[in-house]
Amino acid sequence: MSSTLGSSIGKKLLMSISGLFLILFLIVHLTVNSLLLVPDGGDLFNAGAHFMATNPAIRVIEPLLAIGFLVHIIYGVKLTLENRKARGPARYASGKKTTGVTWASQNMLVLGITVAAFLVLHIANFWVKMKLTGDPLLEHTTVDIAGVPTEVENAYALVNATFGYLWIVVVYVIGAVGLAIHLSHGFWSAFQTIGFSNLKWRKRLSVLGNIFAWIIGIGFSSIAVLQYLFYQPN
Amino acid sequence: MVKLDAKIPDGPLARKWDNYKANQKLVNPANKRKLDIIVVGTGLAGASAAASFGEMGFNVKVFTIQDSPRRAHSIAAQGGINAAKNYPNDGDSVYRLFYDTVKGGDYRAREANVYRLAQVSNNIIDQCVAQGVPFAREYGGLLDNRSFGGAQVSRTFYAKGQTGQQLLLGAYQALMRQVHAGSVKLYTRNEMVEIVIVDGKARGIISRNLVTGKLERHFGHAVVLATGGYGNTFFLSTNAMGSNGSAAWKAYKKGAMFANPCFAQIHPTCIPVHGKFQSKLTLMSESLRNDGRIWVPKKKEDAEAIRAGKLKPTEIAEEDRDYYLERRYPAFGNLVPRDVASRAAKERCDAGYGVGPTGLAVYLDFQSAIDRLGRDAIEARYGNLFQMYEKIVDDNPYETPMMIYPAIHYTMGGIWVDYELQTTVPGLFCAGEANFSDHGANRLGASALMQGLADGYFVLPYTIQNYLADDISTPRMTTEEREFEDAEKSAKDRLDKIMSINGKRSVDSIHKELGLVMWDFVGMARNKEGLQQAIEKIQAIKKEFWTNVRIPGSAEDMNAELEKAGRLADFIEIGELMARDALHREESCGGHFREEYQTEDGEALRQDDKFTYTACWQYKGEDQEPELHREDLTFEVVKLVQRNYK
Amino acid sequence: METTINIKLKVWRQAGPKAKGRFETYELNNISTDSSFLEMLDILNEQLINEGKEPVAFDHDCREGICGMCSLYINGRPHGPDDDVTTCQLHMRKFKDGETITVEPWRSAGFPIIKDLIVDRTAFDKIIAAGGYISVSTGGVPDANAIPIPKEDADEAMDAASCIGCGACVAACKNGSAMLFVSAKVSQLALLPQGRVEAARRAKNMVAKMDELGFGNCTNTGACEVECPKGISLANIARLNREFLKAGIQD
């Protein structure tokens, strides 16, 4: 098995599995974030955030998620470096005029770095404050969870305030679009790498991948934009 | 006088091969390890032989001039491979395949060899399927067959229009398996330039590493040449640019007989010549004649209008078209053998009915097949060939008929071999197109692949043992022996001589000149006067080459011009021998058509009382006339009749 | 009726594997648009020989698109600006009068340059030797019709088997990956019952050899498929991945 993972296809398998895992995370994350758009002053979002923070399953998954990110990033860099070597030192003077190859597929590392840069800001903005340093905005508030009034952190207030800054919203939109382009290749590519593709499924997967990518991209960015435009306290 | 003993085994025709195998000598496994075999060439015959020898336990060294064994020109065979499986239940049998092949070859082949070929044809198909050759199949999962020229049964197995490719890749993969196992050592970009003879036996070769230019010595207890045909003597042919007759020619100069050199096949369905810069001719598979109908305009004025670009073929009414093959040969129609179809095309064009800008083309029309079967069915059968045609000619054959014209395709002549495929030099074997083969004066479609693989998989592995059994105590030579040294020196001298000419003309320009002489005088129709002229002209070209060729670069480096020059020097001499052989054979048979010998309606007229033999030419020294020997052909089973495809 | 064009050629010249290469520019006039690209190079070489210069070294043989010998990276694409062709099938009608045509060798660490435009592709042979076959020896095999094979499978195997081993996939790939080549052979043999027997072993051995020879990792860009003169599909790569991972799980 170790020789399998050490091979070119094995390394790609790790990229693929970690990528698919991160895709699952994105789906959950976007679902919770979409609660930000419920115009109830953030109660539903706070309840959701509380559920995520206290759910034992999520606590187990969180370190796994970190490992997923690390594997995806480390192997992404490793593969790119190996591939540059395999390409040889010389470049084509007449460039590359092969048509029908998506820009995304040729620039996954660049896109990945864009996403990673955004991720750093994202973690600093929210995760660090919520998990480590705390923030005055996070003062407790009470929401109704299944009819039971429960005291929870006011994560909504933090998010809402953060999205009050235009520059942060712009960075989020750029990050989300980068992510969408990354996924437009990454989604089908992950399935291709684990061998789940053939003549028919190739088209289906790439259509599905594109739809998914832009749901994620437009989803995340529109939440930030809408928060900035319509959800700010006067 | 060299004695030509074909060593045909005793017994009735159908039992000969079994009798041979029952009585031949074998080499035990421990001794096989002590024996080295050199195989030159990695086409169907060479690759299959080398792989089989390796599997049996011999030490094999295999040589190819290309960068990989998979590039050999067998790869370009399109249509298919014959076998007497009789899967379609249409009356085929080993005997019928044998009979069709002898008849198709115009009764100039050796009965015993052809019968053996038909016998092992079925084993070939089994072997290839086991190797993973993806032959075409029916929906029921069983193998599909199609029909080919010269046969009234469907016995041709095929893999789209790429049968040669698939068979070669099968043999290549078997070969690479042995390379991996260590039993075969592979030398690529390496050209045999001399054969080493020790005590009258072939014991090795001198080769030139085409990357470094260095000469190398290689020892073998036996040497097998499987280096293909010499069709490129004509410069323009369907052969690959690198295909050459030099290995065979070296064998000839070392005492092997060259048999029936004038038997060259002109393939009827090639894309016509379109300009003087043209480097090769592209074949359109014979399988196209299954569904395509060949015609020219009935009226001369229509043909003239088409040539002038004023009329399109699709504008010619049905009743104004002359489907001349269907008219002349109602029984076989468009599926007459290649020689017959080629001559018929030439006859129409010479009479002024040819089409295309040069008037040297006829139509191959698929309209009626498309109407009958639908475009999809035609695309499934010939899609890749149609695409190839469109890329070259820029015409869409689904909409307008293809234009075709005959071109040199295959050489039936070659190094004379006995029943064991051994030449007149002991220990020197010859297989595939390089030998004078089982095809007589004309080869039927889909039979070249059959012969190449038969020789390599199922004949040589037996017969070479019969030879090597006497060599089990012959030690390997060091290649320091005088014979190796002399052979290397003679190879080096020749290269130096070519390099030192320093004339004004490129190799290709001289080769084109040779090609034109060959095509005009030693081509589809030959006559005494023309052949005599050809010999003079070729001798002048030889002189021009040796005094005026220019080779840039050095011999101690990769040098394509030098490679081509060495081969051209041999082609010139081969061309002369072809003309000589054609001049001596005062009859028409198969691909050899002497205008003096034809029936009233223009069919080939054999002279069985005088020429029922294989003409074997023996080298007598530089600028000496070669000596003719005869292997008389005796037909015990087949009765000689005038071929009739009407 | 013949149309001719004048062109300028920028050709990579390199005396040997270790030598430093450079572009040389040549002008060619009155080239018929009906001539093939390689015939145009023949004309160039004839011109160079007549000038007493060394002709351009390039690989070519069958000139009908099947032997896989010809290569050349022409104006930004392997096998030049036409689809589903090899360089030998490319015709000058694809170029404009006055155009500058850049001709380069395949560039990949797996295919070192030998001279001018000729590269060493023996790596492909080594990969095939590592397992690209069915382990049967001559003789002793069952009747060809003993095992029926569904037509769809046989046809798909044939499509995969169409690979001519030219290396355009590697040349086109930004990763210098040979996956399309390897997957075509693995697919062909895995699709047939005869080859199924050792499918896992084959995939493992061929991939190991491919990695060892320094080819890159496939990132599914699909450039190989676009440039493949025989239209070998990326679906083969998915199948190779499947076969390979199955083999890994079995271990």
Side-chain angles (χ1 to χ4, degrees), chain A residues 1-13 15-17 75-76 78-109 185-186 188-203 205-206, chain C residues 10 12 21 23 73-78 81 83 101-105 107-113 156 170-177 179 203-204 207-208 210-211 214-223 225-227 233-235 237-249 251:
Chain A
M1 196 69 199
S2 66
S3 69
T4 305
L5 289 183
S7 70
S8 58
I9 297 180
K11 282 177 271 189
K12 285 287 301 163
L13 177 72
M15 282 303 280
S16 162
I17 301 287
Y75 273 84
K78 185 176 156 70
L79 284 165
T80 307
L81 291 177
E82 286 176 3
N83 288 347
R84 282 187 71 86
K85 197 174 152 215
R87 195 78 201 81
R91 292 287 168 272
Y92 289 118
S94 55
K96 281 178 154 292
K97 301 208 174 66
T98 301
T99 51
V101 176
T102 61
W103 184 85
S105 70
Q106 307 259 18
N107 294 282
M108 288 300 272
L109 186 76
H185 176 68
W188 99 267
S189 179
F191 285 97
Q192 166 86 358
T193 298
I194 56 170
F196 185 85
S197 181
N198 59 23
L199 287 173
K200 284 179 191 148
W201 274 93
R202 165 134 180 246
K203 276 198 196 91
L205 284 171
S206 61
Chain C
K10 252 180 83 185
W12 184 259
F23 280 102
Y73 195 88
I74 304 159
N75 278 358
R77 293 181 64 185
D83 295 327
I101 304 172
T102 307
V103 190
E104 301 170 72
R107 297 223 183 260
S108 161
F111 292 160
I113 292 178
E156 211 179 336
V170 176
C173 179
K174 76 177 189 70
N175 308 319
S177 166
M179 281 286 275
K204 261 172 46 181
V207 168
M210 170 185 84
D211 290 351
F215 290 100
N217 309 287
C218 172
T219 61
N220 307 323
T221 68
E225 180 189 56
V226 177
E227 296 299 359
S233 159
L234 279 194
I237 296 185
R239 187 178 292 105
L240 167 60
N241 290 336
R242 230 159 32 232
E243 294 295 336
F244 181 82
L245 295 173
K246 252 193 284 184
I249 291 164
D251 284 354

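All chains are named by letter (A, B, ...) in the order of the sequence lines, taking the proteins before the strands, and each is independently numbered beginning at 1. Note: hydrogens, waters and symmetry copies are ignored here, and every other heavy atom, side chains too, is used.
In the displayed structure, C:K246 atom NZ is contacted under 6.0 Å by more than 12 heavy atoms of other residues, nucleotides or ligands.
Proximity to chain C (any heavy atom under 4.5 Å) is shown, for A:K200, by neither the backbone nor the side chain. Of the atoms belonging to A:K11, it is side-chain heavy atoms, and not backbone ones, that fall under 4.5 Å from chain C. Both the backbone and the side chain of A:R87 come within less than 4.5 Å of a heavy atom of chain C. With a threshold of 4.5 angstrom between heavy atoms, A:R84 does not approach chain C through any atom at all. Of the atoms belonging to C:P81, not a single heavy atom falls under 4.5 Å from chain A. At a 4.5 Å heavy-atom cutoff, the contact between C:F23 and chain A is made by side-chain atoms alone. If you measure heavy-atom distances from A:W188 to chain C, the contacts under 4.5 Å come from the side chain alone.
Taking all atoms of both residues into account, the shortest heavy-atom contact from C:G222 to A:V101 is C-CG2, 4.2 Å. In this structure, A:T98 and C:R77 approach most closely via the heavy-atom pair N-CG, 4.0 Å. In terms of heavy-atom proximity, A:L199 sits nearest to C:S233 at CD2-OG, 3.3 Å. For the residue pair C:R242 and A:S197, the shortest heavy atom distance occurs at NH1-O, 3.1 Å. C:T219 and A:S189 get closest at one heavy-atom pair: O-OG, 4.1 Å. Closest approach of A:T193 and C:N241 over heavy atoms only: O-CB, 3.2 Å.
When A:T102, A:N198, A:T99, A:T80 are compared by the number of non-hydrogen pairs under 4.5 Å with chain C, A:T99 comes out ahead. Taking C:V103, C:L234, C:I237, C:L240 one by one and counting their heavy-atom pairs under 4.5 Å with chain A, the maximum is reached by C:L234. When C:A208, C:G214, C:A247, C:C173 are compared by the number of non-hydrogen pairs under 4.5 Å with chain A, C:C173 comes out ahead. Interface summary for chain A: among C:I74, C:T102, C:T221, C:V170, the most heavy-atom pairs under 4.5 angstrom belong to C:T221.
No side-chain donor-acceptor contact under 3.5 Å links A:Y92 to the backbone of C:N75. Under a 3.5 Å cut-off, the side chain of A:N83 and the backbone N or O of C:G216 do not form any donor-acceptor pair. Proximity of a side-chain donor or acceptor of A:S94 to a complementary backbone N or O of C:G76 within less than 3.5 Å is detected.
From A:R91, atom CZ reaches atom NZ of C:K174 across 10.0 Å, with rounding to the nearest 0.5 Å. Going from atom CZ of C:F244 over to atom OG1 of A:T4 covers 5.0 Å, rounded to the nearest 0.5 Å. Here the NZ atom belonging to A:K85 is positioned 13.5 Å from the CZ atom belonging to C:F215, to the nearest 0.5 angstrom. Note: C:D211 CG to A:S8 OG = 3.5 Å, rounded to the nearest 0.5 Å.
The shortest side-chain heavy-atom distance between A:M15 and C:N217 does not fall under the 4.5 Å cut-off.
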**OP:** Apply side-chain contact (heavy atoms from CB on, under 4.5 Å) to the pair A:H185 and C:N220, showing each step before the final yes or no.
**Re:** CA-CA 9 Å; A:H185 176 68; C:N220 307 323; 4.0 Å; yes

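By the 4.0 Å N-to-carboxylate-O rule, C:E225 lies close enough to A:R202 to be salt-bridged with it.
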